[in-house]
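To keep things clear, I will list the structure first and then write my remarks on it.
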Amino acid sequence: MSEENRFKQRYKSGDTPWDIGKPDFNLIQTVSATPINPCKALEIGCGTGDNALWLAQQNFHVVGIDASEVAIAKAKSKAGEANVKCKFIVSDIITSRIEGAPFGFAFDRGCFHTLGSDQERRRFAEIVHGHLGTDGLWLSLLGNADEHRDGPGPPQRTARDVVNAVEPYFEILSLVSGSFGSNRPHPPRAWVCLMRRRR
């Protein structure tokens, strides 16, 4: 089963531990502290929309994409309930050019790390690069291979995995070991990586 189909099945069954019902604190901290000014933004793998909606509430013009029709339907419903203007599309950035490019900011929480090889991750970085404008920023949250665990959790990548993939497309502004926003008592460890598009 492809990664895309696996996610679709998990949304249908409700097996979505990453869907925490609120924006990830790493996104809020990074956008606020950097700061990243409101612009056209793309969320890759937006799920049920909590991060995209938060960005829209900060005056970003947001397009959220996800391969799961179930997730996108829930995201649209949340946007309607919150009266927040946000565009949600069923799409896969690997196979489709996303309408609205170039974007000033891209965000993914747990998409980049699902790709299993250096080559696949490098191709993903190249595609994100192609959707961003001059000096566009990309914030990616990835599972961190420094976490030793016995049970299930997000795919784990090393700092070298990240660096190998994003060069030469991005300048890494920060690569920090932290944790995912989570409802678990012990949140999974994460890499919080902020990058600037190379010209």
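These values consider heavy atoms only, across backbone and side chains, with no hydrogens, waters or symmetry-generated copies. FYI, the numbering just counts along the sequence from 1.
Ion pairing between a basic and an acidic side chain is recognised when a charged N comes within 4.0 Å of a carboxylate O; R198 and E171 show no such pairing. Electrostatic pairing of R109 and E43 does not count as a salt bridge here, judged by no charged N lying under 4.0 Å from a carboxylate O. One finds a salt bridge joining R123 and E126 here, because a Lys/Arg side-chain nitrogen approaches an Asp/Glu carboxylate oxygen to under 4.0 Å.
Note that SG of C86 is 9.0 Å distant from CD of Q57, once rounded to the nearest 0.5 Å. For the atom pair D92 CG and S68 OG, the distance stands at 12.0 Å (nearest 0.5 Å). Note: L137 CG to L194 CG = 5.5 Å, rounded to the nearest 0.5 Å.
With sequence neighbours left out, the side chain to side chain donor-acceptor pair (under 3.5 Å) criterion links R199 to D135. Residues satisfying the ring pair (Phe, Tyr, Trp, His ring centres under 6.0 Å) criterion with F112, sequence neighbours excluded, are F124, W138. K85 meets the side-chain contact (heavy atoms from CB on, under 4.5 Å) test with no other residue; sequence neighbours excluded.
Taken together through direct or relayed side-chain contacts under 4.5 Å among Ile, Leu, Val, Met, Phe, Trp and Tyr, V31 and M195 form parts of separate hydrophobic clusters. Taking hydrophobic clusters as Ile, Leu, Val, Met, Phe, Trp and Tyr residues chained together by side-chain heavy-atom distances below 4.5 Å, L42 does not share a cluster with I28. Criterion: ILVMFWY side-chain heavy atoms under 4.5 Å apart, direct or through other members. Under it, F25 and F180 are not part of a common hydrophobic cluster. There is a path of hydrophobic side-chain contacts, each under 4.5 Å, that joins I127 to I65. Hydrophobic clustering keeps V176 apart from I172 (ILVMFWY residues linked when any side-chain heavy atoms are closer than 4.5 Å, directly or through intermediates).
Checked by atom type and distance alone, the side chain of R197 pairs as donor or acceptor with a backbone atom of H129 at under 3.5 Å. The closest donor-acceptor contact from the side chain of S96 to the backbone of I98 lies at 3.5 Å or more, if one exists at all. Remark: the backbone N or O of A165 is not paired with any side-chain donor or acceptor of R121 at under 3.5 angstrom. Between the side chain of E147 and the backbone N or O of N144 there is no donor-acceptor pair closer than 3.5 Å. No donor-acceptor pair closer than 3.5 Å links the side chain of D66 to the backbone N or O of V90.
Here the side chains of I36 and F60 are in contact, with some heavy-atom distance below 4.5 Å. Counting heavy atoms from C-beta outward, I89 and I72 have side chains that stay 4.5 Å or more apart. The shortest distance between side-chain heavy atoms of F107 and L27 falls below 4.5 Å. F103 places none of its side-chain heavy atoms less than 4.5 Å from the side chain of C39. The side-chain heavy atoms of L139 and F105, taken from C-beta on, include a pair separated by under 4.5 Å. Looking only at side-chain heavy atoms (C-beta outward), H113 and P154 come within less than 4.5 Å of each other. No side-chain heavy atom of L141 sits less than 4.5 Å from a side-chain heavy atom of D108. Looking at S174 and V192, their side chains never come closer than 4.5 Å, going by heavy atoms from C-beta outward.
The two atoms that bring G104 and L132 nearest to each other are C-CD2, 4.1 Å, heavy atoms only. Taking every heavy atom of both residues into account, H131 and I93 meet most closely at CE1-CG1, 3.8 Å. Among all heavy-atom pairs drawn from N26 and S179, the shortest one is ND2-O, 2.8 Å. Summarising the geometry of G110 relative to T114, their closest heavy-atom pair is O-CG2, 3.3 Å, with the distance given to 0.1 Å. In terms of heavy atoms, D24 sits closest to N51 at N-OD1, 2.8 Å. Across every non-hydrogen atom of A56 and V84, the tightest pair is CB-CG1, 3.4 Å.
Side chain to side chain, R189 and S177 meet the donor-acceptor criterion of an N or O pair below 3.5 Å.
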**Request:** Apply salt bridge (Lys or Arg N to Asp or Glu O under 4.0 Å) to the pair R122 and E167, showing each step before the final yes or no.
**Result:** CA-CA 8 Å; R122 196 173 298 120; E167 291 284 2; over 6 Å; no
**Asked** Is there a side-chain contact (heavy atoms from CB on, under 4.5 Å) between F88 and S77 once you walk through the steps?
**Response** CA-CA 10 Å; F88 290 108; S77 176; over 6 Å; no
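Checked options K78, K22, K74; the residue passing with D50 is K78 (criterion: side-chain hydrogen bond (donor to acceptor under 3.5 Å, both in side chains)).
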